[in-house]
Trainee: 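Starting off with a structure, shown below.
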Amino acid sequence: MNRTDFNGNLRAADEGKHVELVGWVANRRNLGSLLFIDLRDYSGIVQLVSSSPDSLPEIKNEYVIGVKGIVRKKEVPNKNLATGEIEVEITELRVINKSMPTPFIIADKSDALEETRLPYRYLDLRRPVLLNNLKTRAKIVKIWHEYLDSKGFIEVETPILNLSSPEGARDYLVPSRVHPGSFYALPQSPQLWKQLLMVGGIERYYQVAKCFRDEDLRADRQPEFTQLDLEVSFMSQDEILSLQEGFLARIFKEIVGYDVQLPLRRMKYWDAMDIYGSDKPDTRYGLTLVDITEIMKKSTFEGFAEAKYIKAIVVPNMASQTSRKNVDEVVAEGKKFKLKGVTALKYLNNTLEGSFTKFLNEEIIAELIKKLNLSDNDLVLFSSSSSRRDIDFGLGAIRTMYAKKLELIKKGTYDLLWVIDFPMFDLVDEEKGIYAAEHHPFTRPRDEDLHLLDTNPEEVLAYAYDIIINGYEAGGGTLRIYDHDTQWKIFKLLGLSDEDVERKFGWFINAFNYGAPPHGGIAFGLDRLAMILVGSDNIKDVEAFPKNLQASDPMSKAPTPVDQDQLDVLNIQVKQES
RNA sequence: GGACCAUUGGUGUAGCGGCCUAACAUGCUUCCCUGUCACGGAAGAGACCACGAGUUCGAAUCUCGUAUGGUCCGCCA
């Protein structure tokens with residue numbers, strides 16, 4: 001069989017053409033002495049027809065077959081198929097390989113659960129939707145290459161076997177045979193290498209970088225994933241952002257036909273938190289957070305004594321249809337984010353209703369109505385906390401919950417923005433004064449905030465930026481510290497001892513003593529970009545062979561115990577479970 | 001480490017104390033059908049209702065435990 005065409009490419013213009021096709025039997029419709037076969041290959045599906053099915057060998061679904069035939073125009077086209085105007089009249093058909101009945105139906109509309117599909121991922125991949133997802137993913141990577149090549153960037157591969165530095169995510173470790181008892185770590189990101197490339201004068205580096213993090217999984221998080229990684233010297237933050245906007249505009253235009261308005265909006269971290277209760281806000285819908293601390297402090301409610309922050313969100317037109325059970329759901333969502341309680345008030349017939357109103361006098365109620373700009377049938381949800389972070393994240397989660405519940409987000413719409421001006425640090429232990437890096441410890445503090453490093457580290461903002469798309473953190477980056485002493489100081493603030501810094505990062509920051517250029521970069525999560533562009537909310541839909549939530553591969557069953565021989569060579573002893 | 005939800009023929013679901021000798025759809029097998037494209041029609045096979053204890057006269061159904069899976073919190077510098 002000499003394939004002449006791909007099935008999905010045949011059109012009316014091919015009428016009369018003698019073709020040889022191969023592919024999988026997607027479906028058969030047998031009308032007695034007339035047989036239709038949907039033949040699928042990676043380009044699509046074309047209908048085959050035979051008026052003498054008895055002369056053909058036995059054909060079942062998912063058989064691999066080859067056919068010779070003639071393209072014929074159909075009298076009644078099938079509008080659901082790209083090849084719907086034509087069909088191929090079979091003159092010869094050969095079974096190339098048989099198939100057992102598949103454990104689930106191979107079609108986009110397959111209703112099989114992920115649990116059923118993953119052990120047969122190779123069958124799942126035959127579903128056109130999954131194939132298209134992988135095509136989209138490949139297209140993003142192709143544009144990434146083209147775009148950065150056109151800007152003079154060069155691709156450099158960085159090591160997979162690295163020094164372990166368990167700050168941040170947990171490392172995947174790889175035992176060394178040559179050095180018994182010693183371990184490499186798989187890269188969580190190429191961070192240090194790309195910075196050293198800058199010191200090495202490469203100036204413009206990029207990579208499609210596989211990264212590994214041994215942390216628990218989520219619908220949008222896999223233990224191994226791919227970053228579109230980039231680092232550049234002598235560019236300002238604005239230059240880096242606008243460089244990347246060019247890339248984003250291209251992938252959105254070429255893949256989903258969406259014109260991204262440039263430059264993208266830039267939202268300050270604290271504004272995002274205050275208004276949307278998130279550092280990765282989806283701004284396609286409202287339900288914004290409103291600060292009502294001043295007003296509520298005047299209430300007689302004793303529970304507000306320790307509350308530093310009291311904020312509310314208004315859900316329009318939901319008051320009358322909100323039940324006690326609905327409110328309980330909201331309270332439960334708030335609890336996940338450490339909110340002790342969330343209270344509901346209903347604005348009905350120009351009256352604010354709810355048991356909480358007993359703590360409010362008329363003046364306060366009037367102020368609330370004005371501040372929240374209430375309309376009839378509005379539902380008000382509010383909470384209080386002594387922590388700015390808790391109140392924002394808590395109400396932010398409730399905001400997201402209502403957006404999903406009320407289906408406020410239109411499919412196929414996009415929302416891109418930068419969140420900038422992140423704080424350098426997050427105070428994790430107030431008593432001991434221990435800070436954690438909000439982005440990572442190589443992030444450069446803003447010049448105008450440097451003087452606060454010694455006195456008020458929590459107020460220091462950084463040259464850090466995240467690209468937020470539809471409420472997902474699709475990428476992020478920073479300008480980096482390129483000065484030895486500043487980097488040392490940051491490590492100390494993060495609670496590392498001199499010895500720690502020297503041992504873990506000495507080899508790295510020593511490079512800054514030899515003329516390190518100002519530099520910065522960014523990394524996009526390829527998986528998340530692909531996920532957003534194909535309109536999925538599950539990262540498994542855009543990876544060929546994903547792991548399940550237990551971080552195992554349901555098909556190969558990895559990870560598994562290994563033979564004692566293998567362990568002996570590595571000088572490893574596995575602890576017996578007690 | 002924690003919370004919640006789910007587990008019923010190959011697949012996806014319904015049934016939620018007795019009408020269950022478990023229903024529906026689809027897939028599979030056999031037969032009929034020359035214009036289907038989610039083809040249609042007829043017949044048939046296929047399930048110890050995840051596992052283990054318990055409650056009850058009686059359990060797919062209620063309770064507890066275990067396992068598996070999913071979603072989330074923690075975690076992801």
Side-chain angles (χ1 to χ4, degrees), chain A residues 26-39 45-53 60-62 72 74-81 83-87 89 100-120 123 165-171 188-189 191-192 211-223 225 329 332-339 390 393-394 397 400-401 404 422 424-426 428 435-443 462 464 473 476 478 490-491 493-496 504-505 525 537-538 540 548-550 552 554:
Chain A
N27 199 12
R28 297 151 294 153
R29 289 175 293 282
N30 191 343
L31 280 65
S33 51
L34 190 63
L35 172 69
F36 297 101
I37 296 172
D38 290 337
L39 187 67
I45 284 177
V46 70
Q47 172 168 286
L48 310 178
V49 61
S50 169
S51 50
S52 54
K60 296 185 181 181
N61 283 351
E62 298 311 317
R72 303 286 190 206
K74 280 161 72 170
E75 281 180 25
V76 185
N78 178 0
K79 286 177 187 133
N80 299 322
L81 224 50
T83 60
E85 287 189 33
I86 54 99
E87 63 189 357
E89 186 187 323
M100 302 205 309
T102 52
F104 53 90
I105 301 164
I106 296 175
D108 284 351
K109 60 180 165 48
S110 170
D111 47 12
L113 301 173
E114 196 174 271
E115 185 181 354
T116 310
R117 298 187 339 238
L118 283 182
Y120 300 92
L123 297 179
S165 62
E167 280 76 22
R170 205 173 288 117
D171 281 328
Q188 297 178 26
S189 89
Q191 184 63 33
L192 300 184
C211 302
F212 307 85
R213 291 179 190 173
D214 187 6
E215 295 293 346
D216 287 344
L217 287 75
R218 288 285 190 281
D220 65 348
R221 222 161 71 189
Q222 283 273 309
F225 58 99
E329 283 167 16
E333 185 69 12
K335 275 219 170 88
K336 282 195 209 164
F337 293 85
K338 296 190 217 160
L339 290 186
D390 290 352
F393 276 133
T400 308
M401 185 180 127
K404 281 197 189 119
F422 279 77
M424 268 297 282
F425 305 103
D426 187 26
V428 286
Y435 294 89
E438 184 72 35
H439 252 86
H440 56 59
F442 315 107
T443 303
E473 183 194 327
T478 64
I490 299 293
F491 279 133
L493 270 168
L494 295 174
L496 272 72
K504 292 174 180 168
F505 299 107
D537 54 12
N538 196 316
K540 299 192 197 82
N548 68 12
L549 277 194
Q550 282 62 245
S552 21

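We name chains A, B, ... by the order of the sequence lines, and we start the count at 1 in each one.
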Trainee: Return the set of residues passing side-chain hydrogen bond (donor to acceptor under 3.5 Å, both in side chains) with A/Asp214 (not counting sequence neighbours), or none when no residue passes.
Mentor: none
Trainee: If you look at every strand shown and take non-hydrogen atoms under 4.0 Å, does A/Pro441 touch a base, only sugar-phosphate, or nothing?
Mentor: base
Trainee: Could you tell me how far apart A/Phe337 (CZ) and B/rC4 (C1') are, to the nearest whole angstrom?
Mentor: 14 Å
Trainee: Rounding to a whole Å, what distance do you find between A/Glu114:CD and B/rU11:C1'?
Mentor: 16 Å
Trainee: Report the nucleotide, chosen from B/rU11, B/rC28, B/rU71, that has the shortest atom-to-atom distance to any side-chain atom of A/Asn61.
Mentor: B/rC28
Trainee: May I ask you to test the A/Thr102-A/Asn61 pair for a side-chain heavy-atom distance under 4.5 Å?
Mentor: no
Trainee: Nearest to the A/Glu215 side chain among B/rG35, B/rC72, B/rC76, which nucleotide is it?
Mentor: B/rC76
Trainee: Heavy atoms only, 4.0 Å cut-off, all strands: where does A/Lys74 land among base, sugar-phosphate and nothing?
Mentor: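 Counting heavy atoms under 4.0 Å across all strands, the contact made by A/Lys74 includes a base.
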Trainee: Given B/rC37, B/rG27, B/rG69, which nucleotide is nearest the side-chain atoms of A/Ile105?
Mentor: B/rG27
Trainee: For A/Phe104 and B/rU11, do the ring centres fall under 5.5 Å apart while the planes stay under 30° apart?
Mentor: no
Trainee: Choosing from B/rC37, B/rC73, B/rG12, which nucleotide comes nearest the side chain of A/Gln47?
Mentor: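 From the listed options, B/rC37 comes nearest.
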Trainee: Any idea how A/Tyr120 and A/Phe104 line up, ring-wise: parallel (<30°), tilted (30 to 60°), or perpendicular (>60°)?
Mentor: perpendicular
Trainee: At less than 3.5 Å, do the side-chain atoms of A/Arg218 and the base atoms of B/rG70 form a donor-acceptor pair?
Mentor: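 Per atom types, no contact qualifies.
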Trainee: In whole Å, what is the span from the CG atom of A/Leu549 to the P atom of B/rA3?
Mentor: 17 Å
Trainee: B/rU11, B/rC75, B/rG35: which one has an atom nearest the side-chain heavy atoms of A/Glu87?
Mentor: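 Of the options given, the side chain of A/Glu87 lies nearest B/rG35.
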Trainee: Whole Å only: how far is the CD1 atom of A/Ile106 from the P atom of B/rG10?
Mentor: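 Distance check: A/Ile106 CD1 to B/rG10 P gives 18 Å.
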Trainee: Compare all side-chain heavy atoms of A/Arg213 with those of A/Ser189 and state whether any distance is below 4.5 angstrom.
Mentor: yes
Trainee: Of the nucleotides B/rC37, B/rG12, B/rU71, which one has an atom closest to the side chain of A/Ala112?
Mentor: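 So the nucleotide nearest the side chain must be B/rG12.
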Trainee: Identify whether any heavy atom of A/Arg221 sits under 4.0 Å from a base atom; if not, whether one sits that close to sugar-phosphate; answer base, sugar-phosphate or nothing.
Mentor: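 If one applies the 4.0 Å heavy-atom cut-off, A/Arg221 turns out to touch a base.
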Trainee: Which of these nucleotides, B/rG35, B/rG69, B/rU71, is closest to any side-chain atom of A/Ala219?
Mentor: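 Output: B/rU71.
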Trainee: Base, sugar-phosphate alone, or nothing: which one does A/Leu113 contact when heavy atoms must sit under 4.0 Å apart?
Mentor: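 Sugar-phosphate, backbone atoms only, no base.
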Trainee: Nearest to the side chain of A/Asn78 - B/rG74, B/rA38, B/rC76?
Mentor: B/rA38
